[in-house]
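Input: a single structure, listed below in structure tokens.
Note that these values count all heavy atoms, side chains included, but never hydrogens, waters or copies made by symmetry. Numbered from 1 within each chain, the chains take letters A, B, ... in sequence-line order.
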Amino acid sequence: MPDNPGAQATFYEEPAWLAHLNPAQREAVTLPMDSHGAILAGAGTGKTNVLTHRIAYAIRGGMEPYAIVAVTFTNKAAKEIKERIARLVGEEAAGKIRLGTFHSLGLKFLRKFGHHIGLERCETAAPMDEDEAVALLRRVMKDRFPDTDLKVEKPKDHYFVISQWKEQGLYVNDVPVQKTASANFTRMLYAAYEAEKKRSQALDFADLVLQSNFVLRHHPEVAAVFHQHLRMVLVDEFQDTNPIQVEFIGHLTGTGHSVPTFVVGDDDQSIYGWRGADAGIMQSFLKRYTPNHLVRLEQNYRCTSTILDAANAVIANNPNRIGKRLWTERQDVGSFQLDIFADAEAEAGAIADRIRNLLADGIPPADIVVLYRKNMLSRGIEKALVFRDIPYRIYGGLNFFQRREIKDALAWLRLVQNPLDEMALFRAIAAPRRGVGAKTIEQWKTMAQKQGVALWDVLHSDKKASIQSFVQIVHRLRQVYEAEGLVVLVKKMLALTKLEQYYITAAKERGEECAENLQELVIAAGVFHHEMRATGLHMESLARTPGDLLSEFLADAVLNSDQGGQKKKEGETVSLMTVHKAKGLEFPYVFLLGLEDGEFPKITQSGFCNLEEERRLFYVAVTRSKFSLFLSCVRNRQSFGYTQDAGDDEAEDGLDSHFVSRFVQEIPAHLLGDAARLVQASSRKLVGSETGSDGDWW
DNA sequence: AAGCTTAGACTTTTT
DNA sequence: GTCTAAGCTT
């Protein structure tokens with residue numbers, strides 16, 4: 001390193017700006033720049049701080065910002081990291097770092113190099129969302145396998161399996177012959193799905209990474225450009241990466257992993273196994289990327305010792321950990337309690353009351369979060385909060401860009417961006433209705449095929465007035481966009497298509513809401529425009545193509561779909577989210593509800609349960625709390641409008657038997673106080689029920 | 001082709 | 001209970 005000052009400059013020992021870091025953090029930040037590093041960072045141990053300081057350390061040492069790639073798992077994390085780096089090295093340098101999620105980096109890559117896989121107009125490409133991908137598969141099934149009963153062979157199920165294969169890195173020809181007829185049918189569908197996708201120039205989520213890998217594999221000259229220019233690759237939340245993402249990283253770091261790679265993660269917080277992530281990925285990194293340094297961050301700055309004791313005790317039940325134990329210097333106790341309610345209504349009411357009291361005591365709403373295992377559980381709390389006039393914000397669930405009216409509007413925008421987008425065409429032409437249905441489209445399709453032209457060209461020769469006006473609107477909007485930009489385009493689109501009036505009359509009670517959402521879309525476009533202006537490029541990337549605003553906006557609507565469209569501002573509301581969404585976040589007051597065994601851990605109807613992953617999920621939930629943690633469960637929880645009893649026999653103190661989550665029972669009794677007695681009463685039935693270490697357990 | 005009615009699914013987590 | 005898709009009617 002010393003004899004190569006140009007590329008790596010001088011890295012001094014413990015500069016003053018690193019003085020506030022603890023020894024382990026400082027060691028991680030200042031690891032030799034020419035070796036790989038794996039940072040095992042427990043919850044609340046300053047993981048992001050280490051990552052951002054490592055980047056700043058490199059830049060201050062003379063590394064060019066654009067020689068650094070940093071990959072995160074969510075857009076939110078990318079944004080936060082960028083802001084924090086900006087504070088360390090300034091906006092300009094921070095803006096040059098190639099930072100983004102795997103998917104946004106993959107998209108940027110394909111926008112530049114997609115022509116290698118036959119992607120036309122690749123520079124403005126955008127992926128389909130999941131609904132569209134499933135719809136495409138359904139169409140394939142109908143066209144190619146018309147005898148299939150779609151109620152038996154559900155498109156969604158097949159899409160799920162195909163996605164799993166793709167996340168594992170299996171291309172069509174890599175999937176082995178399956179054991180069951182149904183699985184082999186999926187295998188056939190995979191090929192047909194890929195063919196149709198290619199024909200219609202569409203991409204699904206997995207393609208963003210998988211197809212990028214394909215290009216990098218088969219075009220070493222492209223890959224070479226990256227590892228020649230890159231000096232450092234960093235991966236956040238490395239425990240959640242799946243095989244195709246690991247391969248993507250491998251392509252960037254080059255043959256023999258010549259580019260120093262710095263991964264940060266926590267095997268105890270690996271909660272995306274269902275998406276192909278392998279909790280053992282940290283271990284295999286240590287084997288494959290050598291030489292390397294492993295640094296453990298175990299001092300926790302977030303939680304009280306009570307909460308840490310509980311979290312450590314629960315996670316200790318997982319075998320196969322790299323192993324670490326969080327500790328804190330904090331002496332304050334906060335509060336930690338469990339409540340058991342009769343039903344979900346009582347639970348929601350009690351939580352909402354408690355939140356109201358906290359707010360009355362002057363606690364800012366932004367300090368409070370309600371966490372749950374699955375989105376559906378937000379409903380009860382929502383109701384209770386609305387009843388008490390408490391402002392809240394739901395993260396995740398059905399998001400803004402997935403609403404029907406918004407998707408219709410986006411279809412118009414997509415058509416303006418690319419008239420050859422057939423899916424957008426079908427959607428836009430029916431919103432509002434203009435006398436075109438399945439039959440007409442079939443005719444057009446055959447006509448297009450016969451003449452060897454695009455569907456869009458066929459529309460031009462149609463003499464019907466409604467079709468002509470449709471075509472005219474698209475052309476007119478294109479001119480509007482080119483002359484006046486994105487925001488005016490969205491406004492004019494609503495005006496010319498009369499979508500708002502259409503929904504007000506057609507959607508009845510929901511009409512007003514639809515119209516409001518469409519107005520919200522104008523605002524979202526304005527915000528997006530503003531952000532792009534402010535930051536130069538929204539998604540910094542490997543392939544920094546300038547890209548036009550419309551195609552960036554459309555891609556953002558798919559890749560970053562949970563942002564935007566929320567009327568209440570962040571910071572003024574209580575937060576509601578799933579535990580998955582909460583990873584990486586922290587709140588002084590955390591409510592964790594729905595802690596019934598079978599719900600959390602989730603046990604499927606077939607009896608399957610990935611107990612270790614569920615336990616990690618519980619560990620993530622508990623360690624979000626900076627001060628207070630309120631756990632709760634109910635004896636009866638309704639689902640689908642029906643009441644289901646939790647247990648059929650009763651313990652002597654009137655409680656149903658096995659309903660409290662086994663994870664709660666793994667918490668040392670002395671930490672739970674009064675509630676421990678109740679838990680113990682319900683735990684007798686559970687003794688010995690845990691058989692296997694993971695996977696199926698009964 | 002559009003609008004209405006009904007049947008069935010959804011409920012694990014997300015880019 | 002709520003939402004969507006398929007089926008039936010106009």
Ignoring backbone atoms, establish whether [X] has a side-chain N or O less than 4.0 Å from OP1 or OP2 of [N].
{"X": "A:Lys374", "N": "B:dT12", "result": "no"}
{"X": "A:Ser104", "N": "B:dT15", "result": "no"}
{"X": "A:Asn375", "N": "B:dT13", "result": "yes"}

Atom pairs, N/O to N/O, protein against nucleotides 6-10 of chain C, distance under 3.5 Å?
| unit_1 | atom_1 | unit_2 | atom_2 | d |
| --- | --- | --- | --- | --- |
| C:dA6 | OP1 | A:Arg138 | NE | 3.3 |

ask   = Under 3.5 Å, is there a donor-acceptor pair between the side chain of A:Asn517 and the main chain of A:Glu520?
value = no

A:Ser270 side chain to A:Asp267 backbone, donor-acceptor under 3.5 Å:
no

Q) Does the side chain to side chain donor-acceptor pair (under 3.5 Å) test come out yes or no for A:Ser551 and A:Gln417, once each step is laid out? A) CA-CA 7 Å; A:Ser551 69; A:Gln417 203 277 124; 4.9 Å; no

To the nearest Å, give me how far apart [atom1] ([X]) and [atom2] ([N]) are.
{"X": "A:Glu130", "N": "B:dT14", "atom1": "CD", "atom2": "C1'", "answer": "8 Å"}
{"X": "A:Lys166", "N": "B:dT15", "atom1": "NZ", "atom2": "P", "answer": "18 Å"}
{"X": "A:Phe600", "N": "B:dT11", "atom1": "CZ", "atom2": "P", "answer": "18 Å"}
{"X": "A:Asp157", "N": "B:dT12", "atom1": "CG", "atom2": "P", "answer": "12 Å"}
{"X": "A:Gln402", "N": "C:dC3", "atom1": "CD", "atom2": "C1'", "answer": "14 Å"}

When the P atoms of B:dT11 and B:dA7 are compared, how many Å lie between them, rounded to an integer? 22 Å

Requested in this report: Sticking with atom C1', work out how far C:dA5 lies from B:dT12, rounded to a whole angstrom.
Outcome: 23 Å

Walking DNA chain B from its 5' end, the first of A:Lys154 and A:Glu167 to be reached, judged by nearest nucleotide, is A:Lys154

Nearest-nucleotide check on DNA chain B, A:Thr440 vs A:Leu617; residue mapping nearer the 5' end is A:Thr440

Testing B:dT11, B:dT12, B:dT14 for proximity to the side chain of A:Lys156, the answer is B:dT11

Among B:dT11, B:dT15, B:dA2, the one nearest any side-chain atom of A:Arg433 is B:dA2

Residues passing the side chain to side chain contact (heavy atoms under 4.5 Å, CB included) test with A:Leu137, sequence neighbours excluded, are A:Met141, A:His158, A:Tyr159, A:Ile162, A:Leu189, A:Tyr193

Atom pairs and distances, donor-acceptor, side-chain atoms in residues 233-243 of chain A, under 3.5 Å, two or more places apart:
| unit_1 | atom_1 | unit_2 | atom_2 | d |
| --- | --- | --- | --- | --- |
| A:Asp236 | OD1 | A:Lys47 | NZ | 2.8 |
| A:Glu237 | OE1 | A:Gln239 | NE2 | 2.8 |
| A:Glu237 | OE1 | A:Lys583 | NZ | 3.2 |
| A:Glu237 | OE2 | A:Lys47 | NZ | 3.4 |
| A:Gln239 | OE1 | A:Asp266 | N | 3.0 |
| A:Asp240 | OD1 | A:Ile271 | N | 3.3 |
| A:Asp240 | OD2 | A:Lys583 | NZ | 2.2 |
| A:Thr241 | OG1 | A:Phe238 | O | 2.8 |
| A:Asn242 | OD1 | A:Ile244 | N | 3.2 |
| A:Asn242 | OD1 | A:Gln245 | N | 3.2 |
| A:Asn242 | ND2 | A:Glu167 | OE1 | 2.6 |
| A:Asn242 | ND2 | A:Arg275 | O | 3.3 |

